[in-house]
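All figures in this text were calculated on a predicted structure; none of them were measured in a lab.
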Amino acid sequence: MSDVTIWHNPRCTKSRQALALLEAEGVDAEVVRYLDAAPDRATLEAVLVKLGTDDPRAIVRKGEKLYTELGLATADRGALLDAMATHPILIERPIVIRGDRAAVGRPTEAVLDLLD
């Protein structure tokens, strides 16, 4: 199965666990180091659709120091998307994408739903 993509941060334990889980399931996923190649706003919008939500808070890391520094707690949808596109450290990880579906790997096992 090679139609799977993982937005991966190798420094993140959950991201490493999700990648290992995919590999254990025999999935040859395309690994995108999203911190090195930040997704643009349109890509973030597309992932939200695949996640089944319109709310960017579903994929924003609220615990990041930058989240507070930028005052994103009261930000609107557009400001959140712009912030994530500009500062990809704000994007939750890992995100696994397969076809027209996606899952945030928290808990790690959530990515298994995409393999059915």
Side-chain angles (χ1 to χ4, degrees):
M1 185 182 313
S2 62
D3 61 339
V4 175
T5 301
I6 181 171
W7 288 6
H8 180 60
N9 176 353
R11 295 184 62 204
C12 172
T13 301
K14 292 289 186 191
S15 193
R16 289 192 311 268
Q17 289 173 347
L19 183 57
L21 181 62
L22 291 172
E23 290 170 349
E25 292 291 321
V27 176
D28 182 25
E30 175 188 357
V31 176
V32 174
R33 291 186 175 203
Y34 69 96
L35 293 176
D36 299 331
D40 60 19
R41 185 174 169 155
T43 302
L44 291 167
E45 294 265 16
V47 166
L48 288 174
V49 169
K50 292 176 184 196
L51 286 167
T53 184
D54 190 43
D55 186 359
R57 293 193 188 282
I59 60 170
V60 70
R61 293 180 53 82
K62 298 168 197 76
E64 279 296 324
K65 182 179 175 183
L66 188 58
Y67 179 84
T68 302
E69 289 173 359
L70 294 175
L72 297 176
T74 57
D76 65 16
R77 183 178 188 284
L80 285 170
L81 290 166
D82 289 341
M84 286 188 284
T86 303
H87 307 284
I89 192 71
L90 292 169
I91 301 170
E92 188 61 84
R93 69 236 180 194
I95 296 176
V96 178
I97 304 159
R98 180 172 185 217
D100 63 354
R101 299 184 310 153
V104 176
R106 290 181 178 267
T108 306
E109 295 76 20
V111 303
L112 293 174
D113 292 341
L114 299 175
L115 306 181
D116 297 334

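- Using modelled atom types, no side-chain atom of R93 and backbone atom of H8 make a donor-acceptor pair closer than 3.5 Å.
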Enumerate, atom names and distances included, each donor-acceptor pair closer than 3.5 Å involving a side-chain atom of residues 107-116, sequence neighbours excluded.
{"residue": "T108", "atom": "OG1", "partner": "Q17", "partner atom": "OE1", "Å": "3.2"}

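- Here E23 pairs with nothing under the side-chain hydrogen bond (donor to acceptor under 3.5 Å, both in side chains) rule; sequence neighbours left out.
- Note on L90 and V32: same hydrophobic cluster, where clusters join Ile, Leu, Val, Met, Phe, Trp and Tyr whose side-chain heavy atoms are under 4.5 Å apart, directly or indirectly.
- Taking every heavy atom of both residues into account, M84 and I59 meet most closely at SD-O, 3.8 Å.
- Closest approach of A85 and A38 over heavy atoms only: O-CB, 3.8 Å.
- A side-chain donor-acceptor contact under 3.5 Å links R77 to the backbone of D54.
- Between the CG atom of D36 and the CG atom of N9 there is a distance of 9.0 Å, given to the nearest 0.5 Å.
- The cluster map of Ile, Leu, Val, Met, Phe, Trp and Tyr, joined by side-chain heavy atoms under 4.5 Å apart, puts V96 and V104 in different clusters.
- Looking only at side-chain heavy atoms (C-beta outward), W7 and P39 come within less than 4.5 Å of each other.
- For the atom pair L35 CG and H87 NE2, the distance stands at 13.0 Å (nearest 0.5 Å).
- To the nearest 0.5 Å, atom OG1 of residue T43 and atom CG of residue D40 are 3.5 Å apart.
- Minimum interatomic distance between A83 and L72 (heavy atoms only, all atoms of both residues): CB-CD1, 3.8 Å.
- With values rounded to the nearest 0.5 angstrom, I95 atom CD1 is found 11.5 Å from T5 atom OG1.
- The two residues K50 and G99 make their nearest non-hydrogen contact at NZ-O, 3.1 Å.
- Residues V47 and V31 do not share a hydrophobic cluster, defined by chaining ILVMFWY side chains whose heavy atoms lie under 4.5 Å apart.
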Indicate every side-chain donor-acceptor pair of residues 60-70 with a distance under 3.5 Å to a residue at least two apart or in another chain.
{"residue": "R61", "atom": "NE", "partner": "E64", "partner atom": "OE2", "Å": "3.2"}
{"residue": "R61", "atom": "NH1", "partner": "E92", "partner atom": "OE2", "Å": "3.0"}
{"residue": "R61", "atom": "NH2", "partner": "E64", "partner atom": "OE2", "Å": "3.4"}
{"residue": "K62", "atom": "NZ", "partner": "R57", "partner atom": "O", "Å": "3.0"}
{"residue": "Y67", "atom": "OH", "partner": "R57", "partner atom": "NH1", "Å": "2.8"}

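- L21 CG to R16 CZ: the interatomic distance, rounded to the nearest 0.5 Å, is 14.5 Å.
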**Q.** Worked check of side chain to side chain contact (heavy atoms under 4.5 Å, CB included) between I91 and L44
**A.** CA-CA 9 Å; I91 301 170; L44 291 167; 3.8 Å; yes

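- Interatomic distance, CD1 of I6 versus CD of E30, reported as 11.0 Å (0.5 Å rounding).
- Other residues, nucleotides and ligands contribute over 12 non-hydrogen atoms within 6.0 Å of the CZ atom of R101.
- Looking at L48 and L81, their side chains come closer than 4.5 Å, going by heavy atoms from C-beta outward.
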